[in-house]
**Q** 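Below is one structure. I have some questions about it.
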Amino acid sequence: MLQKLKRKIVVSVQAMPDEPLYQEVALNAMIKSVVNGGAGGLRLAGKRDVKNAKKIYPDLPVIGITKPDKIPENFLELVYITPTIDNAREIIDAGADIVAFDATMRKRPNDEKLCDIINFIKLNGKLAMADIATYNEAKNAIQLGVDIVSTTLSGYTTETKEKPNEPDYELCRSICTDFDIPVIVEGKIWTPEQAKKAFEFGAFCVVIGSAITRPQLITKRFTEILK
């Protein structure tokens, strides 16, 4: 499954429960649409959408996560992407090929340890994908045995909140230079040119979400010019 993602565009198809696209029929339609457009894989939140995607496309790589129904206001301080072993179990049982999780240095719920969730995922025969925000977090996750590192959380932690509003190309390059591990660039990618640049900096694959699957945010980028 990992090799199927090499040099591919992965699309994050997600919606919050209070958004119109969260309806099952709507998410399934979006999943089919992005695959028809050439997506080489999917990143999905929650067991419902992971199960549906694997039923429709059993051979397509699916990265699964869990997230709360509402992102807390203090999200910069919290671990909320697949934070616990129980969350990882839920996504594994749903059929995800890769389980992504917050691998930052922040305190985990129930005092769980990052090494334990990584070991649990790997013992269940799935690939462990570390969502990180900094080089040191990537290094720590790699030493703990993850299979993939992703720049997902760069700019979304207290330590990195001042990062520019663009993909963290340099973080990708630094990790690729020092470690022999697939690095995924995710976050703040809005144009094909930015995706191409991520590959030039060494990205194994690129995950794109809001720019493709969040029409309210796409619309907002246009309406903001009226202000």
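Nothing here was measured: the structure is a model prediction, and the numbers come from that model.
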**Q** Hey, are Lys197 and Glu200 close enough for a salt bridge, meaning a charged N less than 4.0 Å from a carboxylate O?
**A**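 No, Lys197 and Glu200 are not salt-bridged.
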**Q** For the residue pair Phe204 and Lys6, establish whether any side-chain heavy-atom pair is separated by less than 4.5 Å.
**A**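 Answer yes - side chains close enough.
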**Q** May I ask you to test the Ile121-Phe101 pair for a side-chain heavy-atom distance under 4.5 Å?
**A** yes
**Q** I'd like to check Ile92 versus Phe120 (side-chain heavy atoms, cut-off strictly below 4.5 Å). Are they in contact?
**A** yes
**Q** Under 4.5 Å between any side-chain heavy atoms of Met1 and Leu5, yes or no?
**A** no
**Q** Testing the basics here: between Lys188 and Pro164, what is the closest heavy-atom pair and its distance to 0.1 Å?
**A** NZ-O, 3.3 Å
**Q** Is it the case that more than 12 heavy atoms not belonging to Gln23 sit under 6.0 Å from its CD atom?
**A**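 Counting neighbours around CD of Gln23, 12 or fewer heavy atoms of other residues, nucleotides or ligands fall under 6.0 Å, so no.
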**Q** For residues Leu217 and Trp190, determine if any side-chain heavy atom of one lies less than 4.5 Å from a side-chain heavy atom of the other.
**A** yes
**Q** What about Val35 and Leu21, same hydrophobic cluster or not, with Ile/Leu/Val/Met/Phe/Trp/Tyr joined at side-chain heavy-atom distances under 4.5 Å?
**A** yes
**Q** With Thr84 as reference, evaluate Asn110, Val79, Thr66 under the side-chain contact (heavy atoms from CB on, under 4.5 Å) test and give the passing residue.
**A**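 The passing option is Asn110.
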**Q** Do you know the tightest heavy-atom contact between Leu78 and Pro72?
**A** CD1-CG, 3.5 Å
**Q** Would you find more than 12 non-hydrogen atoms of other residues, nucleotides or ligands less than 6.0 Å from Glu73 atom CD?
**A** no
**Q** Are the side chain of Gln194 and the backbone N or O of Glu166 linked by a donor-acceptor pair below 3.5 Å?
**A**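 Checking the backbone N and O of Glu166 against the side chain of Gln194, no donor-acceptor pair under 3.5 Å is found.
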**Q** Is it possible for you to say whether Ile148 and Ile117 belong to one hydrophobic cluster, with membership spreading through side-chain heavy-atom contacts below 4.5 Å?
**A**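 Different clusters: Ile148 never reaches Ile117 through Ile, Leu, Val, Met, Phe, Trp or Tyr contacts under 4.5 Å.
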**Q** With a 4.5 Å limit on heavy-atom distance, are the side chains of Glu170 and Asp168 in contact?
**A**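 Yes; the side chains approach each other to less than 4.5 Å.
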**Q** Look at atom NZ of Lys32 and say whether more than 12 heavy atoms of other residues, nucleotides or ligands are closer to it than 6.0 Å.
**A**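 Atom NZ in Lys32 is not crowded, with 12 or fewer foreign heavy atoms closer than 6.0 Å.
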**Q** Measure up the Tyr156 and Phe75 rings against each other and bin them: parallel (under 30°), tilted (30 to 60°), perpendicular (over 60°).
**A** tilted
**Q** To the closest 0.5 Å, what do you measure between OG (Ser154) and OH (Tyr169)?
**A**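 Answer rounded to 0.5 Å: 12.0 Å.
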**Q** Spell out, yes or no, whether Val207 and Met30 are grouped together once hydrophobic residues are joined by side-chain heavy atoms under 4.5 Å, including indirect joins.
**A** no
**Q** Taking a hydrophobic cluster as the set of Ile, Leu, Val, Met, Phe, Trp and Tyr residues connected by side-chain heavy atoms closer than 4.5 Å, whether directly or through intermediates, do Ile56 and Val62 fall within one such cluster?
**A** yes
**Q** Does the Thr223 side chain pair with the main chain of Lys220, one donor and one acceptor, at a distance under 3.5 Å?
**A** yes
**Q** For Lys8, I'd like to know if atom NZ has over 12 heavy atoms of other residues, nucleotides or ligands within 6.0 Å.
**A** no
**Q** I'd like to know if Asp97 and Lys54 make a salt bridge, using a cut-off of under 4.0 Å between side-chain N and carboxylate O.
**A**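 Looking at Asp97 and Lys54, the cut-off is met.
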**Q** Charged N to carboxylate O below 4.0 Å: is that the case for Lys196 and Glu193?
**A**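 Judged by the 4.0 Å cut-off on N to carboxylate O distance, Lys196 and Glu193 do not form a salt bridge.
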**Q** Say you draw a straight line from CD1 of Ile31 to CG of Leu27; how long is it, rounded to the nearest 0.5 Å?
**A** 6.0 Å
**Q** Taking Ile85 as the starting point, is it possible to reach Leu114 by hopping between hydrophobic residues whose side chains are less than 4.5 Å apart?
**A** yes
**Q** Kindly give the heavy-atom pair with the smallest separation between Val149 and Ala138, and that separation in Å.
**A** CG1-CB, 4.0 Å
**Q** Hey, which of Glu137, Glu186, Arg106, Glu159 is the one that makes side-chain contact (heavy atoms from CB on, under 4.5 Å) with Leu153?
**A**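 With Leu153 as partner, side-chain contact (heavy atoms from CB on, under 4.5 Å) holds for just one option, Arg106.
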**Q** Taking the side chain as everything from C-beta on, heavy atoms only, tell me whether Val13 gets closer than 4.5 Å to Val34.
**A** yes
**Q** Salt bridge check: are Asp178 and Lys139 linked by an N-O gap of less than 4.0 Å?
**A**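 A salt bridge is absent here (no side-chain N lies under 4.0 Å from a carboxylate O).
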**Q** Taking all heavy atoms of Val146 and all of Ala130, pick out the closest pair and write down the distance.
**A**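 Closest approach of Val146 to Ala130: CG1-CB, 3.9 Å.
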**Q** To the nearest 0.5 angstrom, please state how far the CD atom of Gln14 sits from the CG atom of Leu44.
**A** 7.0 Å
**Q** Test your reading of the model: is there a side-chain donor-acceptor pair from Asn140 to the backbone of Asn136, 3.5 Å cut-off?
**A** no
**Q** Please find the pair of heavy atoms, one from Val183 and one from Cys172, that lie closest to each other, and give the distance.
**A** CG1-SG, 3.9 Å
**Q** Looking at Pro182 and Leu2, what are the two nearest heavy atoms and their distance?
**A** CG-CD2, 3.9 Å
**Q** Working to the nearest 0.5 Å, report the span between NZ of Lys161 and CD of Glu77.
**A**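 It is 8.5 Å, given to the nearest 0.5 Å.
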**Q** Once rounded to the nearest 0.5 Å, what's the spacing between atom CD1 of Ile175 and atom CD1 of Ile181?
**A**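 These two atoms lie 9.0 Å from each other.
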**Q** Rounded at 0.5 Å granularity, tell me how far CD1 in Ile132 sits from OG1 in Thr152.
**A**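 Spacing of CD1 (Ile132) from OG1 (Thr152) equals 7.5 Å.
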**Q** Looking at Thr82 and Asn87, would you say the former's side chain and the latter's main chain have a donor-acceptor pair under 3.5 Å?
**A** no
**Q** Does the pair Asp116/Arg108 count as a salt bridge with the N-to-O cut at 4.0 Å?
**A**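 Between Arg108 and Asp116 there is no salt bridge, as every charged N stays at least 4.0 Å from the carboxylate O atoms.
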